[in-house]
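Being a predicted model, the structure only gives us computed values, none of them experimental.
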Amino acid sequence: MNIATPKFGVGASALRKEDRKLIKGEGSFTDDVRAEGELRAYVLRSPHAAARFAFGDLDAARAAEGVHLVLTAADVVHLGPVVNQATVKQPDGTIHAQKHIPLLCDGEVRHVGDAVAFIVADTLAQAQEASELIEIDWDIEDAQVDLAAALEDDQPLVWPDLGTNQAYLYRTGDIDKTGQAFAEADHVTTIDFVNNRLVSNYMETRACLAEWDDESKKFTLTLGSQGVHGIRKTIAKDIFRMNIEDFRVITRDVGGGFGTKAFNYREYPLSLEAARRLNRPVKWVSDRTEHFLADAHGRDNKVTASLALNDEGRILGLKIDVMANMGAYLSQFGPFIPVFGASMATGVYDIQNLDFKLRGVYTHTTPVDAYRGAGRPEAAFLIERLIDAAAREIDMPVAELRRRNFIRPEQFPYRTPGGRMYDVGEFDGHMTRALEKANVAGFSERAREAESRGKLRGLGTAVYIEACAFAGSEPARLTLDADGGITLYIGTQTNGQGHATAYSQFIADQIGIDFDRITVRQGDTAELAKGGGTGGSRSIPLGGVSVSAASKVLAEKMKKLAADELEASAADIELVDGSARIVGTDRVISYADMAKAAKSDEDRTGLADVVQDEATYPNGTHICEVEIDPETGHVEIVRYTIVDDFGMTVNPVLLLGQIHGGVVQGVAQCLSEGVVYSEDGQLLTASFMDYAVPRAGDMPFFDFETRNVPSTTNAMGIKGAGEAGTIGACPAAMNALVDALDRARGVRHIEMPATPQRIWEALNG
């Protein structure tokens with residue numbers, strides 16, 4: 001095909017085209033959308049973690065100024081709950097009991113922030129004032145918020161009917177073979193740690209605008225999400241039990257998602273029900289405290305892990321015991337997240353024997369679900385901390401221990417004990433390059449210089465692998481518009497990643513057209529029959545491949561249109577600068593004229609749905625170097641080096657942004673972020689006064705490059721990069737911190753977040 005080389009095709013460092021409107025304040029987020037006659041909603045939430053309750057007088061609230069509706073559980077019994085969609089098969093073949101999230105609690109609450117009433121008024125202030133008039137008789141019960149103790153006898157039960165706080169049991173691997181491997185081992189390293197609970201803290205809090213058309217009997221829901229089709233399906237099928245076609249779901253600009261906006265939440269169907277009852281639009285907007293209390297949290301695992309090695313440093317077996325906090329209910333994908341992590345437990349290492357035990361656990365806390373990386377960061381942290389600890393115990397350089405146990409290139413494709421099929425990888429290659437870039441050979445000299453200034457210096461490495469862009473597809477539809485522009489319709493959902501730019505690069509590769517003439521449409525179920533949304537780094541590996549294929553289809557049709565109009569062969573047509581021309585001549589036709597010449601919509605439409613049969617497996621090496629001030633416990637990251645394998649780079653600038661953001665979130669988990677509950681279940685970290693998100697000044701400049709090995713499971717060799725930074729960063733930062741503590745005081749363990757106080761205490765006994 002003759003196509004002129006585009007200025008901003010795949011591989012070019014095109015700047016984000018979507019930033020122009022955002023910088024000028026012209027974005028359209030959910031709360032920017034206004035509907036005539038819209039009302040405001042407020043959720044009355046439980047102040048207690050565990051309590052039974054009964055309503056007293058509701059009449060005063062319902063009669064309050066501006067109030068149109070007060071809903072309690074009794075008013076929504078015809079609606080279903082927010083359903084957990086990820087069940088786990090237990091060792092005995094059974095599926096665990098399902099404890100879904102009720103739209104409104106019926107006489108019992110199970111975490112602080114649980115919803116008990118939904119008030120709709122002319123203004124938010126009026127709804128809040130009316131909530132204070134609702135009389136509630138609380139019978140407070142003992143709460144269980146301690147994950148470590150939750151399965152012990154005589155502990156308060158979140159669900160007494162179950163007789164236990166265990167939500168489910170999952171096992172994978174071979175218990176007998178792993179036990180034999182441990183019996184034959186020359187050395188066993190064991191670590192215990194907590195993978196701390198996190199709050200996603202995207203810039204834009206959740207919000208929705210619900211509308212009801214009384215004539216058509218259909219709903220429209222506008223909200224910030226990571227995919228409109230999944231939200232529509234769960235609301236229609238599981239809650240309202242109506243036809244999917246009766247719901248239109250729209251997502252406009254979104255200020256961050258990180259997995260947490262992928263789920264359905266109770267406020268969406270409650271707003272829809274209120275809009276139907278009142279026949280007026282109803283808007284609900286979360287404040288930041290509600291985000292801390294009610295949006296799904298991430299991580300929160302208690303882990304014991306052991307590594308068996310022979311006297312040559314070869315890994316013989318791996319035993320892991322995980323308690324995963326589910327919170328008070330099973331969130332949409334919550335039970336599957338640690339199961340997903342289990343499949344990645346052996347990381348980049350050739351470990352044949354695995355015994356993985358996982359128990360999901362209920363506590364009187366906010367439900368837990370996917371947060372950037374969704375199980376893979378937990379798995380990478382576990383194995384990389386364990387490798388680091390083992391190297392210290394057997395007195396072997398940690399890089400050497402890794403090299404001796406890496407899966408070698410000639411072993412691919414490689415089936416892991418967790419059931420993953422890695423297609424390609426050169427782990428020693430990118431680790432060696434990272435060690436060179438980080439000047440690890442010169443670290444001892446830098447450590448001595450730091451010591452002369454009274455600082456403690458540490459170096460940490462993490463070599464990670466993750467699974468993403470899972471088997472499936474993302475259909476793409478392109479149209480040549482009447483004005484000569486190109487419009488893409490695709491069912492992913494940008495949350496700030498730069499989809500409009502990246503997808504435009506795939507189009508520009510095939511169709512010579514200016515970036516500004518390409519429009520990317522996402523987030524409207526009325527425009528797209530289906531879509532998989534955004535999550536698991538799937539948008540570019542799956543969506544981009546389909547966009548590229550659809551662009552080729554449309555390009556061929558455009559060439560045929562041009563050939564017919566110019567009376568030439570399609571093989572002699574090239575597409576460049578918004579027009580088609582006969583190669584080597586000045587005979588051209590504009591895209592707009594070609595669109596007019598089309599005899600049907602089919603003639604100016606390109607469709608593709610490229611199916612991928614297996615996940616992709618991004619991997620890489622992170623090396624973090626820190627300095628600790630022993631007098632204050634303050635940590636400074638002084639160097640940070642990354643060499644990643646993403647298969648193929650679509651846009652280096654966008655990729656760099658993804659990696660920077662991911663690393664910041666991973667380092668933040670290690671050093672500053674962490675949810676804290678009191679013994680009675682009060683969330684003590686419910687604002688930015690108490691929950692320490694990182695600042696720009698906390699982060700170093702990053703030294704980043706790629707050493708790509710194309711994926712064999714993806715049609716274009718792309719592996720995905722949206723979550724990789726977070727996955728590699730947390731263990732690298734912790735390994736650096738422990739290295740500094742060990743060198744100074746022989747301290748080899750500290751829990752996350754490793755705050756200055758914790759570090760000071762570790763250094764001073």
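Counted by atom type alone, E378 and Y371 present zero donor-acceptor pairs between their side chains at under 3.5 Å. Side-chain contact check for T461 and N735: no donor-acceptor pair (N or O, by modelled atom type) lies under 3.5 Å. R376 and Y464 are not linked by any side-chain donor-acceptor pair at a separation below 3.5 angstrom, with hydrogens and angles left out of the test. Looking at Q493 and T251, their side chains never bring a donor and an acceptor atom within 3.5 Å of each other. No side-chain donor from either of E466 and N619 sits under 3.5 Å from a side-chain acceptor of the other. Side-chain contact check for E673 and N196: no donor-acceptor pair (N or O, by modelled atom type) lies under 3.5 Å. With no hydrogens or angles considered, a side-chain donor-acceptor pair links E761 and Q757 at under 3.5 Å. Between the side chains of S331 and D369, a donor-acceptor pair is found at a separation under 3.5 Å. No side-chain donor from either of S225 and R206 sits under 3.5 Å from a side-chain acceptor of the other. Residues D192 and T304 bring a donor and an acceptor atom of their side chains to less than 3.5 Å of each other.
Separation of atoms CZ (F333) and CZ (F340) is listed at 12.0 Å; rounding is to 0.5 Å. Of the inter-residue distances, the one linking M648 atom CE with N708 atom CG reads 9.0 Å to the nearest 0.5 angstrom. In this structure, F292 CZ and H297 NE2 are separated by 8.0 Å, a value rounded to the nearest 0.5 Å. Atom CZ of R266 is separated from atom OH of Y329 by 6.0 Å, given to the nearest 0.5 angstrom. Once rounded to the nearest 0.5 Å, the distance linking NE2 of H622 with NE2 of H430 reads 9.5 Å. In this structure, OG1 on T501 lies 6.5 Å from CZ on R16, to the nearest 0.5 angstrom.
When side chains are defined from C-beta on, K302 does not count as touching N325, because their heavy atoms never get closer than 4.5 Å. By the 4.5 Å heavy-atom criterion applied to side chains, H634 and I628 are not counted as neighbours. Using a 4.5 Å heavy-atom threshold, the side chains of F427 and I407 count as touching.
The pair R372-E723 does not meet the salt-bridge criterion, since no charged nitrogen lies less than 4.0 angstrom from a carboxylate oxygen. Taking 4.0 Å as the cut-off between side-chain N and carboxylate O, R457 and D739 do not count as a salt-bridged pair. Between E426 and R707 there is a salt bridge, since at least one side-chain N of the basic residue sits less than 4.0 Å from a carboxylate O of the acidic one. Contact check on R385 versus D388 returns a salt bridge, with a Lys/Arg side-chain nitrogen under 4.0 Å from an Asp/Glu carboxylate oxygen. A salt bridge links K21 with D253: at least one charged nitrogen is closer than 4.0 Å to a carboxylate oxygen. Between E436 and R433 a salt bridge is recorded (basic side-chain N to carboxylate O distance below 4.0 Å).
In this structure, the side chain of R758 engages the main chain of P753 through a donor-acceptor pair within 3.5 Å. Q497 places no side-chain N or O within 3.5 Å of a backbone atom of T494 that could act as its donor or acceptor partner. For T205 (side chain) and D287 (main-chain N/O), no donor-acceptor pair under 3.5 Å exists by modelled atom type. E384 places a side-chain N or O within 3.5 Å of a backbone atom of V463 that can act as its donor or acceptor partner. Using a distance-only test at 3.5 Å, with no hydrogens or angles considered, no donor-acceptor pair links the side chain of S539 to the main chain of T534. In this structure a side-chain-to-backbone donor-acceptor pair under 3.5 Å is missing from R288 to S687.
Shortest non-hydrogen contact noted between G498 and L654 is O-CD1, 3.7 Å. Across all non-hydrogen atoms, the minimal contact from G224 to T30 is N-OG1, 3.1 Å. Heavy-atom minimum distance, Y265 versus T260: OH-O, 2.7 Å. Counting all heavy atoms, side chain and backbone alike, A379 lies closest to G341 at CB-O, 3.4 Å.
Remark: S286 engages no residue in a side-chain hydrogen bond (donor to acceptor under 3.5 Å, both in side chains) (not counting sequence neighbours). The side-chain contact (heavy atoms from CB on, under 4.5 Å) test applied to V653 returns S13, L15, N651, not counting sequence neighbours. For A305, the side-chain contact (heavy atoms from CB on, under 4.5 Å) test picks out I191, V303, I320, L382, L386, with sequence neighbours left out. T755 pairs by the side-chain hydrogen bond (donor to acceptor under 3.5 Å, both in side chains) definition with nothing, not counting sequence neighbours. Scored by the ring pair (Phe, Tyr, Trp, His ring centres under 6.0 Å) test, Y677 finds no partners at all (sequence neighbours excluded). Under the rule for a ring pair (Phe, Tyr, Trp, His ring centres under 6.0 Å), the partners of H499 that lie at least two apart in sequence or sit in another chain are Y503.
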Passes salt bridge (Lys or Arg N to Asp or Glu O under 4.0 Å), K455 versus D629? Steps please. CA-CA 5 Å; K455 300 295 179 67; D629 183 343; 5.0 Å; no
Using the rule given for side-chain hydrogen bond (donor to acceptor under 3.5 Å, both in side chains), can you reason through E614 versus N714, listing the C-alpha separation, both sets of side-chain angles and the distance that settles it, and then say yes or no? CA-CA 8 Å; E614 172 61 272; N714 181 271; over 6 Å; no
Derivation and outcome, ring-ring contact (aromatic ring centres under 6.0 Å, His included), residues F356 and Y170: CA-CA 8 Å; F356 195 111; Y170 175 78; 7.2 Å; no
Run the ring-ring contact (aromatic ring centres under 6.0 Å, His included) test on H291 and Y202 for me, step by step, so that the C-alpha distance in whole Å, both residues' side-chain angles and the decisive distance to 0.1 Å come before the verdict. CA-CA 9 Å; H291 168 64; Y202 24 64; 4.7 Å; yes
Applying side-chain hydrogen bond (donor to acceptor under 3.5 Å, both in side chains), run through T616 and T713 and close with a yes or a no. CA-CA 6 Å; T616 62; T713 62; 5.6 Å; no
Salt bridge (Lys or Arg N to Asp or Glu O under 4.0 Å) assessment of K719 paired with D645: CA-CA 8 Å; K719 292 180 179 176; D645 173 6; 2.7 Å; yes
For side chain to side chain contact (heavy atoms under 4.5 Å, CB included), just list the numbers for D742 and R392, CA-CA rounded to whole Å, side-chain angles, deciding distance to a tenth of an Å, and then say yes or no. CA-CA 9 Å; D742 185 32; R392 293 180 189 282; 3.1 Å; yes
Show the numbers, then the answer: is there a salt bridge (Lys or Arg N to Asp or Glu O under 4.0 Å) between R45 and E267? CA-CA 12 Å; R45 302 185 183 278; E267 296 86 4; 2.8 Å; yes
Could you go through the side-chain hydrogen bond (donor to acceptor under 3.5 Å, both in side chains) check for N264 and Q332 one step at a time? CA-CA 7 Å; N264 186 19; Q332 187 161 323; 5.6 Å; no
Before you tell me yes or no, could you show the steps for S711 and D423 under side-chain hydrogen bond (donor to acceptor under 3.5 Å, both in side chains), namely the whole-Å CA-CA distance, both residues' side-chain angles and the distance that decides it to 0.1 Å? CA-CA 7 Å; S711 169; D423 59 331; 3.2 Å; yes
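Looking at V663, D703, I623, V626 one by one, the single match for side-chain contact (heavy atoms from CB on, under 4.5 Å) with Y640 turns out to be V663.
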